[in-house]
Every structure is written in C-alpha cells, then in structure tokens.
Amino acid sequence: MNLNLKKHPKNRTSAIPSSFEGFMAPFTVKWGILATGGIAQTFTKDLLTNPATREVTDIKHVVAAVASSSSVSRAEDFLKDAQVPDGAKAYGSYAELVADPDVDIIYVATPHSHHFQNAMLALEAGKNVLCEKAFTVNAAQAKKLVETAKEKKLFLMEAVWTRYFPLSIKVREVVTSGTIGKVHRVSADLSLGEVNDDGSLTFPDKNRMVNMDLAGGALLDLGIYSLTWVFQILYHCQEKPREAPKVLAAISKYEKTGADDLTTMLLQFEKNHSVGIATTSMRVATNPEGHGAIDSCPAVRIQGTKGEVQVFGPIYRPVRYQVITKGTSEGKTEVVHCPIPTDKERPGQDGKTSEGWGHGMFWEADEAGRCLRDGKLQSEGMSWEESLVIMETMDEVRKQGGLEYSDLIESADYDAKSSLNGKA
Ligand SMILES: NC(=O)C1=CN([C@@H]2O[C@H](COP(=O)(O)OP(=O)(O)OC[C@H]3O[C@@H](n4cnc5c(N)ncnc54)[C@H](OP(=O)(O)O)[C@@H]3O)[C@@H](O)[C@H]2O)C=CC1
Ligand SMILES: O=C1OC[C@@H](O)[C@H](O)[C@H]1O
C-alpha cells in the first residue's frame, strides 16, 4: 500500500459531523508476519484480540499472511497455533510474503542481526514496516532504512511497544506537567539473573541472547529498554531542537561467546543539566525475586526537584508506577495501576488459563494502523530521529566497550539475496 494513494475517509478535510464519526467503519490493517518465533506468536495473538477490550473502535487488525524462512509447513503450524482465522496465507520464504498484494504492513520479528536486510526487503517491495527492537545493529543501517522509507513514502517504525503503553504516556505527562519539578536524573535497569553455578550463562551458546552471529547480548536485547526509559523522559520530553547525550560506557563480555553480559551507560544531557544511568545485565537480575515477578523495588527512577516517579518492572511491560511528591512533612505517594486488558473470549496466552489473550503489544499495532490511516510515515512516539539518536548512542557504547559483530551483520549494504533474507 502506497500511503500517497490510500486515504481513509477520516483523513478527508471535508467537514464530517463529529457525531457521525463514531459510526464509521474501523480502518483495517492487513498484517504480514515475517518469521515464526516467540515474539511473532505473541504479537499475532495480540492482533487477534478484540480491540473493544481496550476500548479501541477505530482500528481493526487482520493477519493476512505469515512467512517462515525455514519451511512453509512451519508457517502453516504458526497460523494454527495462533488460531489465525482461515484465509491467511502461509509462505516458505520472506520474499513471497513481501510480494503479497494483500499485505499492508510487515512486522519484522527476526533476530537483531536480520532486521536491516529483512526490513529493506519489505521496503524495497513497497511495504510499510514495523520492525522489532533493537531497530538494527548500528546507526548506519537505521539511517538507510529511514532514507528508503522516506524516498518510497512508506511507513516505518521501530517496535518499541513499551512507549505505547498507557502507563508510559501517563508517566510522560506527569513529567511534562511539572508535577515532579525539573527532572535531573533518570536511572533505569533491565537485567536478568541467568547464571549457572559454574559462572556460565543459562542460555546455550547458540541462543539469540548470547549468539554474536545473531547480534546477541544484553545491550541490544535488554539495554534498549533501559535506554527507552532514559530517552522517553530526558530526550523525548525536551523541547525541540533536542540535545543528544554524551556517552560513557562500560561493557563486560561473556567469555564463551563474546556477547556483552553486563553493560552500564552514563548519558549526560549537559545543556539540560540532566543525566541518565542505563544499566543491563544477564548476570544479576533487576528483581531479586525473579524475572516476571511483580517487582517490589522500582526499576526506573525519574528524579525531579519536586518529587520522583518510580516505575516497577519489568520495564518493557510495566503495570504500576508511583509518584512521590514533596510538599508536606511526610511527602505524598500516589500509586497508579495500569493493567493490560485481556480478551476473555480467547483462551489464556498459554492455552490453559482462562485469563484471556492480551500481552500489551496491540497498542503499538494500533498506533501503526492509525499512522497508515492518517498518511503518516512515522510515529511521533518513536520517531525516526529518536530511533537514530538511540542507535548512535548504542554505537558509541559498543565502540567504548570494543563490541563488534561480523561484517555480514554490521553491513549497511542492502542485498536482497543476503543469507539473512533466507531463500529467495
Ligand atoms: N517486544 C518484545 O517484547 C520482544 C521482542 N523481541 C525481539 O523480537 C526479535 C525476535 O525474538 P524472538 O521471537 O524471541 O526470537 P526467536 O528465536 O523465538 O524467533 C526468531 C525467528 O526468526 C527467524 N529466523 C530467521 N533466521 C534465523 C536465524 N538464523 N536464527 C534464528 N532465527 C531466525 C525464525 O523464524 P523462521 O524460521 O520462521 O523464519 C525464528 O523463529 C528480536 O529482535 C528480539 O529482540 C523478543 C522478545 C520480546
Ligand atoms: O524484548 C524483550 O523483552 C522481554 C525479554 O525477556 C526479551 O529477552 C527481550 O527480547
């Protein structure tokens, strides 16, 4: 779909009585899912939830097709497992998926190493793209994606789902409203404790978390969320033109694979008199009670002159924050819960419980849909410019820590026939 050609009636300039708009058919987004791994499954299930469960009436998602680079049968199994309604197509190659005229937007759900080539494959085929985090391996690749999307007038967005959580939006509002005064410091951590008794990590060496061939490591996989919190406060909430940070980093590497397993970043926004401390690790967990437990200690602290916002982890999928304001002798604490709505008509995410589907990825999908509907090439919540500054920050962190990947996955030269694009 070329955004220049297709406009939803809601985007017309002629006067439509606002009372009428509520009766308009929702804008339908036809998704193509590129890859069949863990997050592709979770995202697809979120697309299939009833939007009304999150009070959305203007957007409807359809899973039009899925592709596996392994085999067509894997794509077929994926459709079955995700309970995708009949009619969706299964492909045994990414090339076939991006050529499907029934697909509006491609969700790229491959390992980091593959994002650049896969997203380029889709853009070159004229498809809009929502690409999983980390956007690419380096800033040069991200720049090339952005240039291509701009030139071809296609929508492109890094899938940093956390930014579209109502919780994130509310926290940004607390900050910009001045409730906690001038913010001088943000610290954010996303860490897992995945260590065996012998000091090795629990991930097998080939696992994408630690595999250098898949651009594994704490920084690109987990640290991106610590950076997300620092950036969505200290960068995103700045007035434009925004100041990019100076960076100081320490990286420690996993001796078995060379991937980073303990990375610490200090980001200084000198003119704004503020500093970010972003940490990530696979050795010591953010939450000593264990990953996935509702954290008892805050994983993000946003510290202002008049108070503090604390966000409880896991910070990629937070459901609770508190605002502590000065003023009275004891101070005042307001705890805010932001539960993720589930579709009770669907069986539990694991197929067993009766909680219903809903992981929280639907909000970013709704945003992508609204951008397509409104003819926007990028989302304000995760703009191209901000993705690029974050990629540049991670480049600098890797440079200081001496963390390099292979030429194949660092290359910013697009090659449709690259092994990273699977079979043609
Ligand atoms: N937003 C979020 O909460 C999360 C995001 N992610 C991000 O999603 C992406 C994928 O992660 P995840 O789904 O956990 O990964 P998985 O390993 O579960 O799946 C990756 C998929 O990519 C495809 N693929 C293509 N080439 C390769 C290759 N050489 N090695 C492995 N897989 C390959 C495979 O699908 P096929 O064979 O069908 O082509 C595979 O199933 C990453 O960028 C990660 O950072 C991950 C977890 C959570
Ligand atoms: O994006 C992610 O969020 C959840 C983590 O467990 C996962 O490793 C990461 O890719």
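When a ligand or atom number is given, it counts from 1 through the structure's own listing order. No hydrogens, no waters, no symmetry mates; every other heavy atom, side chains included, goes into these values.
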Are a donor atom and an acceptor atom from the side chains of [X] and [Y] found within less than 3.5 Å of each other?
X: K30; Y: T28; result: no
X: T286; Y: D189; result: yes
X: D205; Y: N211; result: no
X: E367; Y: S379; result: yes

Atoms in ligand 2 flagged as close to R208, the criterion being non-hydrogen separation under 4.0 Å: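 Checking each atom against R208, I get 8 (O), 10 (O).
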Close-contact set for ligand 2 against D221 heavy atoms, below 4.0 Å: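 Under 4.0 Å from D221, ligand 2 has these atoms: 7 (C), 8 (O), 9 (C), 10 (O).
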Is any side-chain N of the basic residue among [X] and [Y] closer than 4.0 Å to the acidic one's carboxylate O?
X: D221; Y: K133; answer: yes
X: K240; Y: E385; answer: no
X: E396; Y: K246; answer: no

Can you tell me which portion of [X] lies within the under-4.0 Å heavy-atom range of ligand 1? Options are side chain, backbone, both, or neither.
X: A109; value: backbone
X: F135; value: neither
X: Y316; value: neither
X: L220; value: neither
X: Y94; value: side chain
X: R317; value: neither
X: L420; value: neither

Please verify the inter-ring angle class for W31 with H61; under 30° counts as parallel, over 60° as perpendicular, anything in between as tilted.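 It falls in the tilted class, 30° to 60°.
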Give the ring-plane orientation class for Y235 versus F269, where under 30° counts as parallel, over 60° as perpendicular and anything between as tilted.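 Correct class here is tilted.
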Considering heavy atoms of the protein only, find what lies nearest to [atom] and give residue, atom and distance to 0.1 Å.
atom: atom 42 (C) of ligand 1; value: T110 O, 3.4 Å
atom: atom 37 (O) of ligand 1; value: S70 OG, 2.4 Å
atom: atom 11 (O) of ligand 1; value: R208 NE, 3.2 Å
atom: atom 38 (O) of ligand 1; value: T36 OG1, 2.5 Å
atom: atom 30 (N) of ligand 1; value: L214 CD2, 3.7 Å
atom: atom 19 (O) of ligand 1; value: G37 CA, 3.2 Å
atom: atom 27 (C) of ligand 1; value: H114 NE2, 3.7 Å
atom: atom 40 (C) of ligand 1; value: R74 NH2, 3.9 Å

If we only count heavy atoms from C-beta on, is the [X] to [Y] side-chain gap below 4.5 Å?
X: L234; Y: R185; result: no
X: W363; Y: F165; result: yes
X: M394; Y: L220; result: yes
X: E364; Y: V160; result: no
X: L130; Y: I106; result: no
X: E243; Y: Q268; result: no

Determine, using heavy atoms of [X] and all atoms of ligand 2, whether some pair is separated by less than 4.0 Å.
X: M282; value: no
X: M209; value: yes
X: K133; value: yes

Would W161 count as being in polar contact with ligand 2, using the rule that some N or O on each side must be under 3.5 angstrom apart?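 There is no such contact.
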Please determine if I39 has a nitrogen or oxygen closer than 3.5 Å to a nitrogen or oxygen of ligand 1.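 For ligand 1, there is an N or O atom that lies under 3.5 Å from one belonging to I39.
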Quick check: M361 and ligand 1, any N/O pair under 3.5 Å apart?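 So ligand 1 has no N or O lying under 3.5 Å from an N or O of M361.
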Are E386 and I390 close enough, and set up right, to give a side chain to side chain contact (heavy atoms under 4.5 Å, CB included), and what steps lead you there? CA-CA 6 Å; E386 195 163 344; I390 294 174; 4.2 Å; yes
Taking only heavy atoms of W161, which atoms of ligand 1 are found under 4.0 Å from at least one of them?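 Contacts of ligand 1 toward W161, numbered from 1: 1 (N), 2 (C), 3 (O).
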Please could you name the atoms of ligand 1 that Y225 approaches to less than 4.0 Å, counting only its heavy atoms?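 Numbered from 1, ligand 1 contributes 1 (N), 2 (C), 3 (O).
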Looking only at non-hydrogen atoms, which of A40, P314, P111 approaches atom 32 (N) of ligand 1 most closely?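 Shortest heavy-atom distance from atom 32 (N) of ligand 1: P111.
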Classify the contact between R317 and ligand 2 as side chain, backbone, both or neither, using a heavy-atom distance cut-off of under 4.0 Å.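 Neither part.
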Would you check whether H115 reaches within less than 4.0 Å of ligand 1, judged by its heavy atoms?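 It does, in that a heavy atom of H115 comes within the 4.0 Å cut-off of ligand 1.
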